[in-house]
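Sequence lines set the chain letters: A, B, ... in the order given, protein chains first and strands last, and positions in each chain run from 1.
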Protein chains: 2
Amino acid sequence: MRVSSVEIDKAASILKLLGDKTRLTMVKLLNNHDCCVCEFVEIFKMSQPAISQHLRKLKDAGVVRETRRGQWIIYSLNQDNDYYPLVRTVLDHLPSQDNLLEELEEQGLRISCE
Amino acid sequence: MRVSSVEIDKAASILKLLGDKTRLTMVKLLNNHDCCVCEFVEIFKMSQPAISQHLRKLKDAGVVRETRRGQWIIYSLNQDNDYYPLVRTVLDHLPSQDNLLEELEEQGLRISCE
DNA sequence: TACTTATATAAGTAAATTATTATATATTAA
DNA sequence: TTAATATATAATAATTTACTTATATAAGTA
């Protein structure tokens, strides 16, 4: 198989980020749907600062991007970097987590609507 | 793409293990060559217990296997588990680290000879 | 047998990680 | 302008991690 190669230090740092269950699930979700912070707070039953801090790490590494939409900040997967293929292949090995968003939807708590 | 899927908790724990530069390099090397502990000690310029502890974690997770050959214990990649495809795809995104073994060879410090 | 070599384990420690609570900032709405 | 909502940041505490040194075990060799 021929795939783009990522410097080993950078790869290790990306894998470390993905090696946390919360962040890994976040990124898997973002692979299919953009999400805002408050949705993650609901999904993970975790404090808002905790969620913000996970997203900050992912953003600092370039894995995700943010854009403001009114009072919400919408996070999305950044497909525009050298190690996106690595991230993408990892995600391909994970089962869909979309049921988490469907539960939100049933509760009427879904915000971002792309 | 259709690939085998790994439970997200297990995937996170594997990625966490691979998210350390030393372990990631070890596993990348083991993908091509079996190695013993003392070789890793030379390669990483790290204490023998530090190396042993990294290998222990990889072994406990099922990523690597060990077999004794005389006084040496040879480590190899365990291709016989459900998440090997995940590990393998990650490794495919990394540049070869074989130069590290070549340097050993030049110093006459290579042990395992498969 | 005693010594050497290869490896593992145990105990201790410094640094990193992941959460928390408290507070600040920015947008929207009354 | 004031209040409410969404998010970020700061300070802090508990836990985990990745080393270190000291020691134990197991195999090979003189």
> How many Å lie between CG on B:Leu55 and P on C:dT7, as a whole number?
Replying inline: 10 Å

> Under a 3.5 Å cut-off for both distances, is D:dA30 Watson-Crick or wobble paired, and to whom?
Replying inline: C:dT1

> Heavy atoms under 4.0 Å, any strand shown: does A:Lys16 hit a base, just sugar-phosphate, or nothing?
Replying inline: sugar-phosphate

> After noting the C-alpha distance and the side-chain angles of B:Ile43 and B:Leu101, does the key distance pass the side chain to side chain contact (heavy atoms under 4.5 Å, CB included) rule?
Replying inline: CA-CA 8 Å; B:Ile43 288 172; B:Leu101 282 173; 3.9 Å; yes

> Reckon A:Arg56 has a side-chain N or O less than 4.0 Å from the OP1 or OP2 of D:dA8?
Replying inline: no

>> Looking at every heavy atom in both B:Arg110 and B:Cys35, which two are closest together, and how far apart are they?
In response: NH1-SG, 4.3 Å

> On DNA chain C, nearest-nucleotide positions of B:Ile73 versus A:Thr22: which is more 5'?
Replying inline: B:Ile73

>> Closer than 3.5 angstrom, by distance alone: can the side chain of A:Lys28 be matched with the main-chain N or O of A:Leu91 as a donor-acceptor pair?
In response: yes

>> Without decimals, in angstroms, what is the distance between B:Met26 CE and D:dA18 C1'?
In response: 12 Å

> Nearest to the side chain of A:Ser52 - D:dA8, C:dA19, C:dA8?
Replying inline: D:dA8

> When the distance from CZ of B:Phe44 to P of D:dT20 is rounded to whole Å, what number comes out?
Replying inline: 14 Å

>> If I take atom NZ in residue A:Lys57 and atom P in nucleotide C:dT17, what distance separates them, rounded to the nearest angstrom?
In response: 6 Å

>> Rounding to an integer number of Å, can you tell me how far B:Gln53 CD sits from D:dT17 P?
In response: 13 Å

> How far does CZ of B:Arg23 sit from NZ of B:Lys57, to the nearest 0.5 angstrom?
Replying inline: 5.0 Å

>> Can you work out whether A:Gly19 or A:Pro49 has the more 5'-proximal nearest nucleotide on DNA chain C?
In response: A:Gly19

> Is the phosphate of C:dA6, meaning OP1 or OP2, less than 4.0 Å from a side-chain N or O of B:Tyr75?
Replying inline: no

> D:dT7 P sits how many Å from A:Arg69 CZ, rounded?
Replying inline: 11 Å

> Relative to the 5' end of DNA chain D, which residue comes earlier, B:Ala50 or B:Gln71, by the nucleotide with the nearest heavy atom?
Replying inline: B:Ala50

> Is the shortest side-chain N/O distance from B:Ser47 to OP1 or OP2 of D:dT20 below 4.0 Å?
Replying inline: yes

> How close or far is atom P of C:dT5 from atom CD of B:Gln48, stated in whole angstroms?
Replying inline: 14 Å

> Could you state the NE2-P distance from A:His54 to D:dA8, rounded to the nearest angstrom?
Replying inline: 13 Å

> Picking from B:Asp80, B:Asp34, B:Asn78, what satisfies side-chain hydrogen bond (donor to acceptor under 3.5 Å, both in side chains) with B:Arg65?
Replying inline: B:Asn78

>> Using a 4.0 Å heavy-atom cut-off, does B:Lys59 contact any base of the nucleic acid, only the sugar-phosphate backbone, or nothing at all?
In response: nothing

